[in-house]
Enquirer: 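One structure is given below, represented as C-alpha cells, and several questions about it will come after.
Chain letters run A, B, ... following the sequence lines, proteins first, then strands; residues in each count from 1. A quick note: this is a predicted structure, and the numbers were derived from the prediction, not measured.
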There are 2 protein chains.
Amino acid sequence: MRPLFHPAIEDVRPEAILHALADPARAAIFASITQAGCVQACSAVSSLGDRVIPRSSLSSHFKVLREAGLIRSERHGVEMRNHSRCAEVEARFPGLLSAIMNAYAGAKACEATVP
Amino acid sequence: MRPLFHPAIEDVRPEAILHALADPARAAIFASITQAGCVQACSAVSSLGDRVIPRSSLSSHFKVLREAGLIRSERHGVEMRNHSRCAEVEARFPGLLSAIMNAYAGAKACEATVP
DNA sequence: CCCCATAGTTCAGAAATTCGGAACTAAGGG
DNA sequence: CCCTTAGTTCCGAATTTCTGAACTATGGGG
C-alpha cells in the first residue's frame, strides 16, 4: 500500500478542484467532511441520499479529493481520518469553496420545492 | 443543423458549470467571451496560448459552455456570436464565477513567476 | 501466534467520455 | 452556380471513470 500523496498548497490547481467538486457525490463527501468538524471516516459516507456507492468507488473519490488538495487523509489504526483543507484552499483561492458549496446548497434547496 | 439549446437559468446545475470550467481551455474561452464585452466569434479563439485547438473540439467546447448555461450563442450571418450569461449566473449562484475566474488568474500569475 | 473482522486499496475489464480528422451544412459574395 | 468562410456532425481512437473481486493492513480475541 503506497503512502498517501498530498500536494503542497501552492501546487494545488484550480482545474483539479473544479473537477473534483464537479461530481455531486464528491461535493457531498467534501461538504460532509468540512461540516463535520474536519474528521470523517471513509465508511461514514457509504451511501449518499438513495444512492449506494461501492467501496472501490468511494476509495477513488477520496483519492480525487485528496490529490486535488481538498482533504488530508491519515491512517489512524484501522480507519482513515479525513480533514478538510478548506482553510488552506481559502487562503490560496479566496471565496472559491464557499461559492461552490453555496451553489450546490442553493440548487438543492431550489429543487426540493419542486420534486 | 439542429437549433441551439440554451437551458433556462433556473435549470442551470452547479455541477454542469464546474464541469465546464474544470477544463482550462474552456475556462479561457469563457474568460475571453466575458471580458471581450460579451461577443466573440468561435474562430477568434482558434488557438490558446501555444496549443492549437481543432475546430471540432472548439465546437464541442462551445456546446459544453452553452449547455452548462454559461454562454448564449446565436447565429448571425455566417458567424456565431457568443454572449456571456455571467449576470444571470451571478444572480443564481452569487460569487461563483468570479471566484473561479480569480482562482485561474491567481494560479496563472503564480506559475508565471516560476516557469 | 493464528485467525477473524473491519477498513480501505488495487487491479482489471466494462462502460462512458472526450478528442480530432474528414465529410457535411449554411450563408454570403462574385 | 461555385467558392470561401464558419461551424457542425459523425465516427473511430484514446482516455477516463466505474465497480466487482481479490488483496493488504490493523486490531482484537482465543
Side-chain angles (χ1 to χ4, degrees), chain A residues 1-6 13 15-30 32-33 36 39-68 70-83, chain B residues 1-6 13 15-30 32-33 36 39-68 70-83:
Chain A
M1 226 169 257
R2 64 187 67 120
L4 303 172
F5 171 71
H6 294 92
R13 320 252 58 227
E15 57 266 40
I17 291 181
L18 296 185
H19 173 250
L21 297 179
D23 182 333
R26 281 194 294 258
I29 291 171
F30 178 68
S32 169
I33 292 175
V39 179
Q40 190 80 298
C42 210
S43 57
V45 279
S46 58
S47 76
L48 204 66
D50 52 352
R51 182 117 175 83
V52 174
I53 304 178
R55 295 183 25 240
S56 55
S57 304
L58 211 45
S59 180
S60 67
H61 283 329
F62 275 90
K63 186 180 178 194
V64 170
L65 290 171
R66 189 163 54 235
E67 299 192 344
L70 288 166
I71 63 175
R72 195 178 293 279
S73 312
E74 52 192 59
R75 190 175 295 281
H76 213 268
V78 75
E79 73 186 10
M80 197 67 111
R81 294 203 186 156
N82 298 289
H83 304 248
Chain B
M1 228 169 256
R2 66 186 67 120
L4 303 172
F5 171 72
H6 295 91
R13 321 252 60 226
E15 58 266 39
I17 292 181
L18 296 186
H19 172 249
L21 296 180
D23 181 334
R26 282 194 293 259
I29 291 171
F30 178 68
S32 169
I33 292 173
V39 178
Q40 191 80 298
C42 209
S43 57
V45 279
S46 58
S47 75
L48 203 65
D50 51 353
R51 182 121 173 80
V52 174
I53 303 178
R55 285 163 49 200
S56 57
S57 303
L58 210 46
S59 181
S60 67
H61 282 330
F62 275 91
K63 187 181 179 192
V64 170
L65 290 171
R66 190 163 54 235
E67 299 191 346
L70 288 166
I71 63 174
R72 197 178 291 281
S73 312
E74 50 191 61
R75 193 175 294 283
H76 214 269
V78 73
E79 74 186 9
M80 198 68 109
R81 293 202 186 157
N82 298 289
H83 304 248

Enquirer: Roughly how many Å is it from CZ in A:Phe62 to P in C:dA7, rounded to a whole number?
Expert: 13 Å

Enquirer: Expressed as a whole number of angstroms, how long is the span from A:Glu67:CD to D:dT16:P?
Expert: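 Distance check: A:Glu67 CD to D:dT16 P gives 13 Å.
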
Enquirer: What's the CZ-P distance between A:Arg55 and C:dT10, to the nearest Å?
Expert: 14 Å

Enquirer: For A:Leu4 and C:dA7, give me the distance from atom CG to atom P, rounded to whole Å.
Expert: 17 Å

Enquirer: Whole Å only: how far is the NZ atom of B:Lys63 from the C1' atom of C:dT17?
Expert: 12 Å

Enquirer: Would you mind reporting whether A:Lys63 and A:Leu65 have side-chain heavy atoms less than 4.5 Å apart?
Expert: no

Enquirer: Just jot down the side-chain hydrogen bond (donor to acceptor under 3.5 Å, both in side chains) partners of A:His61, sequence neighbours excluded, or say none.
Expert: A:Arg26

Enquirer: Given atom CD of B:Glu74 and atom P of C:dA27, what is their separation to the nearest angstrom?
Expert: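 Rounding to the nearest Å, CD of B:Glu74 and P of C:dA27 are 15 Å apart.
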
Enquirer: The criterion is side-chain contact (heavy atoms from CB on, under 4.5 Å); which residues satisfy it with A:Ser57, sequence neighbours excluded?
Expert: A:Ile53, A:Pro54

Enquirer: Kindly write out the residues that satisfy salt bridge (Lys or Arg N to Asp or Glu O under 4.0 Å) with B:Arg66, not counting sequence neighbours, or none if the list is empty.
Expert: none

Enquirer: Using 0.5 Å steps for rounding, measure from the CZ atom of A:Phe62 to the CG atom of A:Leu4.
Expert: 12.0 Å

Enquirer: So which nucleotide from D:dA25, C:dA26, C:dT9 ends up closest to the side chain of A:Met80?
Expert: C:dT9

Enquirer: What residues form a salt bridge (Lys or Arg N to Asp or Glu O under 4.0 Å) with A:Arg55, not counting sequence neighbours?
Expert: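 Once residues adjacent in sequence are excluded, A:Arg55 has no partner under the salt bridge (Lys or Arg N to Asp or Glu O under 4.0 Å) criterion.
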
Enquirer: Measure from the side chain of B:Val78, starting at C-beta and using heavy atoms only, and say which of C:dA7, D:dT8, D:dA6 lies closest.
Expert: D:dA6

Enquirer: What are the atom names and distances for every N/O pair under 3.5 Å that joins the protein to nucleotides 17-19 of chain D?
Expert:
unit_1: D:dT17; atom_1: OP1; unit_2: A:His19; atom_2: NE2; d: 2.9
unit_1: D:dT19; atom_1: OP1; unit_2: A:Arg51; atom_2: NH2; d: 3.4
unit_1: D:dT19; atom_1: OP2; unit_2: A:Ser57; atom_2: OG; d: 3.2

Enquirer: In terms of side-chain heavy atoms of B:Glu79, which of D:dA6, D:dT8, C:dT9 is nearest?
Expert: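 Given the options D:dA6, D:dT8, C:dT9, the side chain of B:Glu79 is closest to D:dA6.
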
Enquirer: May I have the distance from B:Arg66 (atom CZ) to D:dT9 (atom P), rounded to whole angstrom?
Expert: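 Rounded to the whole Å, the gap is 8 Å.
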
